[in-house]
K.L.:
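Here it is, the structure in full.
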Amino acid sequence: MRKAADTVSSARRPDRRAVGLSTFRITLIGFAAALVGGFLIELGEFSGLSSGQVLRDIAASFDLPVLAGSATVLSVMLLAMTAAIAAFTARLVPSGRSVLVVLAVLSFVLALDDQFLWHERGLPRATGLPEEAFLAVYACWGGLVVFMALKEHGLAPLTGLIPAIFFVALSVVADLELLGDSSYATEDLLKIAGFAAWAAFWISFCAERIRTPDLRL
């Protein structure tokens, strides 16, 4: 009886080597994040910003109301959350992970784009290409995600994506003023609605994949 109890206790005791390795990796990730912060400081100083302006909140740095830019922050949070959950699910569930990997990268890139104005300012200035070219790239990338998901799971489980696609498409139409002048509020509210629907669908999709990893949805 005592031997059995010792066996159970040993099975429950964590592997010290595994815990140490995990701590080491987490420490490296912390250092990597700090290096990214240092790189952003250097970029900011190159653009005429002080280190404090790069590191501190925008409202605090430039004496703006605390709600300044909050809609963009919400969009970035929704996309980053989608990317993180998709990456976590892809790591956890090996079968059919390619869709989730492409989704995670796309959502993360869109979050960076929304935060740093890549398709609106940075990339057009760097390449000379119009904003529409980069929107087309994102549209094709999103289409690839949908196509891969359709090929893997069929149409029925993906009908929940329709609202997300609809809202995002309308926000692009408003952004490019294809149907006449529109306010920033119209574009940004449609974008938030689209990203929220995008996040809600993929979070529920990932939850189902984790619950039933071998099930074709």
Side-chain angles (χ1 to χ4, degrees), residues 33 57-58 66-120 131 134-176 178-179 182-217:
D57 182 79
I58 293 177
V66 293
L67 291 179
S70 55
T72 295
V73 171
L74 178 58
S75 297
V76 171
M77 289 173 61
L78 289 167
L79 289 167
M81 179 172 58
T82 305
I85 292 174
F88 173 76
T89 307
R91 178 69 176 85
L92 198 63
V93 183
S95 62
R97 66 170 45 160
S98 56
V99 177
L100 297 175
V101 171
V102 177
L103 167 68
V105 176
L106 171 61
S107 297
F108 184 65
V109 169
L110 287 174
L112 293 176
D113 182 289
D114 210 29
Q115 176 65 36
F116 298 111
L117 304 176
W118 282 358
H119 80 271
E120 295 174 311
E131 174 185 352
F134 302 102
L135 290 175
V137 170
Y138 289 141
C140 293
W141 198 344
L144 175 62
V145 172
V146 174
F147 173 77
M148 294 173 68
L150 283 171
K151 186 177 179 181
E152 181 74 22
H153 304 288
L155 178 61
L158 302 179
T159 53
L161 268 179
I162 294 175
I165 295 172
F166 177 74
F167 286 130
V168 171
L170 283 182
S171 74
V172 172
V173 169
D175 182 22
L176 300 179
L178 297 180
L179 298 178
S182 61
S183 67
Y184 280 111
T186 302
E187 175 200 345
D188 287 342
L189 289 176
L190 286 170
K191 183 173 66 174
I192 290 173
F195 290 161
W198 178 262
F201 171 80
W202 288 113
I203 288 171
S204 63
F205 180 92
C206 289
E208 190 62 30
R209 293 290 290 137
I210 292 172
R211 279 196 298 266
T212 53
D214 297 324
L215 178 65
R216 295 180 67 88
L217 300 177

K.L.:
Return the set of residues passing ring pair (Phe, Tyr, Trp, His ring centres under 6.0 Å) with W198 (not counting sequence neighbours), or none when no residue passes.
P.N.:
W202
K.L.:
For I58, is the CD1 atom crowded, meaning more than 12 foreign heavy atoms sit under 6.0 Å from it?
P.N.:
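Not buried by this count: 12 neighbours or fewer within 6.0 Å.
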K.L.:
Side chain to side chain contact (heavy atoms under 4.5 Å, CB included) for I203 and M81? Distances and angles first, verdict last.
P.N.:
CA-CA 9 Å; I203 288 171; M81 179 172 58; 4.0 Å; yes
K.L.:
Work out which heavy atom in I192 is nearest to a heavy atom in L78; give both atom names and the distance.
P.N.:
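In this case the closest contact between I192 and L78 is O-CD1, 4.0 Å.
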K.L.:
To the nearest 0.5 Å, how far apart are OG in S98 and CG in L103?
P.N.:
11.0 Å
K.L.:
Show the nearest heavy-atom pair for residues A90 and V101, with the distance to one decimal.
P.N.:
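Reported closest heavy-atom pair: CB-CG2, 4.0 Å.
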K.L.:
Please list, chain by chain and in numerical order, all residues satisfying salt bridge (charged side-chain N to carboxylate O under 4.0 Å, His left out) with D113, sequence neighbours excluded.
P.N.:
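Expected list: none.
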K.L.:
Is there side-chain contact between F195 and T82, with at least one heavy-atom pair below 4.5 Å?
P.N.:
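Heavy-atom side-chain distance check fails, nothing below 4.5 Å.
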K.L.:
Tell me whether S75 contacts the main-chain N or O of A71 through its side chain, where contact means a donor paired with an acceptor under 3.5 Å.
P.N.:
yes
K.L.:
Nearest 0.5 Å, please: how far is CG in L106 from CG in L110?
P.N.:
4.5 Å
K.L.:
Within the side chain of T212, is there an N or O that forms a donor-acceptor pair under 3.5 Å with the backbone of R209?
P.N.:
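No, because the side chain of T212 does not come within donor-acceptor range (under 3.5 Å) of the backbone of R209.
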K.L.:
Any salt bridge (charged side-chain N to carboxylate O under 4.0 Å, His left out) involving residues 76-100? Give me the pairs, sequence neighbours left out, ordered by first then second residue.
P.N.:
none
K.L.:
To the nearest 0.5 Å, what is the distance between NE2 on H119 and CD on E131?
P.N.:
4.0 Å
K.L.:
Check C206 against L100 and note the closest heavy-atom contact, atom names and distance.
P.N.:
SG-CD2, 3.8 Å
K.L.:
Do you know the tightest heavy-atom contact between A104 and A83?
P.N.:
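The answer is O-CB, 3.4 Å.
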K.L.:
Does F134 have more than 12 heavy atoms from other residues, nucleotides or ligands lying within 6.0 Å of its CZ?
P.N.:
yes
K.L.:
Output the distance between atom CE (M77) and atom CG (L79), rounded to the nearest 0.5 Å.
P.N.:
11.5 Å
K.L.:
List the atom of V146, the atom of L158, and the distance in Å for their closest heavy-atom pair.
P.N.:
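Where V146 meets L158 most closely, the heavy atoms are O-CD1, 4.2 Å.
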K.L.:
Do you know which two heavy atoms are closest between A111 and V76, and how far apart they sit?
P.N.:
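Heavy atoms of A111 and V76 come nearest at O-CG2, 3.7 Å.
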K.L.:
Indicate yes or no: does K191 engage D114 in a salt bridge with an N to O separation below 4.0 Å.
P.N.:
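Between D114 and K191 there is a salt bridge, with a charged N closer than 4.0 Å to a carboxylate O.
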K.L.:
Under the side chain to side chain contact (heavy atoms under 4.5 Å, CB included) criterion, do V109 and W141 qualify, and how do the steps go?
P.N.:
CA-CA 11 Å; V109 169; W141 198 344; 3.8 Å; yes
K.L.:
Atom CD1 of I85 and atom CZ of F205: how far apart are they, to the nearest 0.5 Å?
P.N.:
13.5 Å
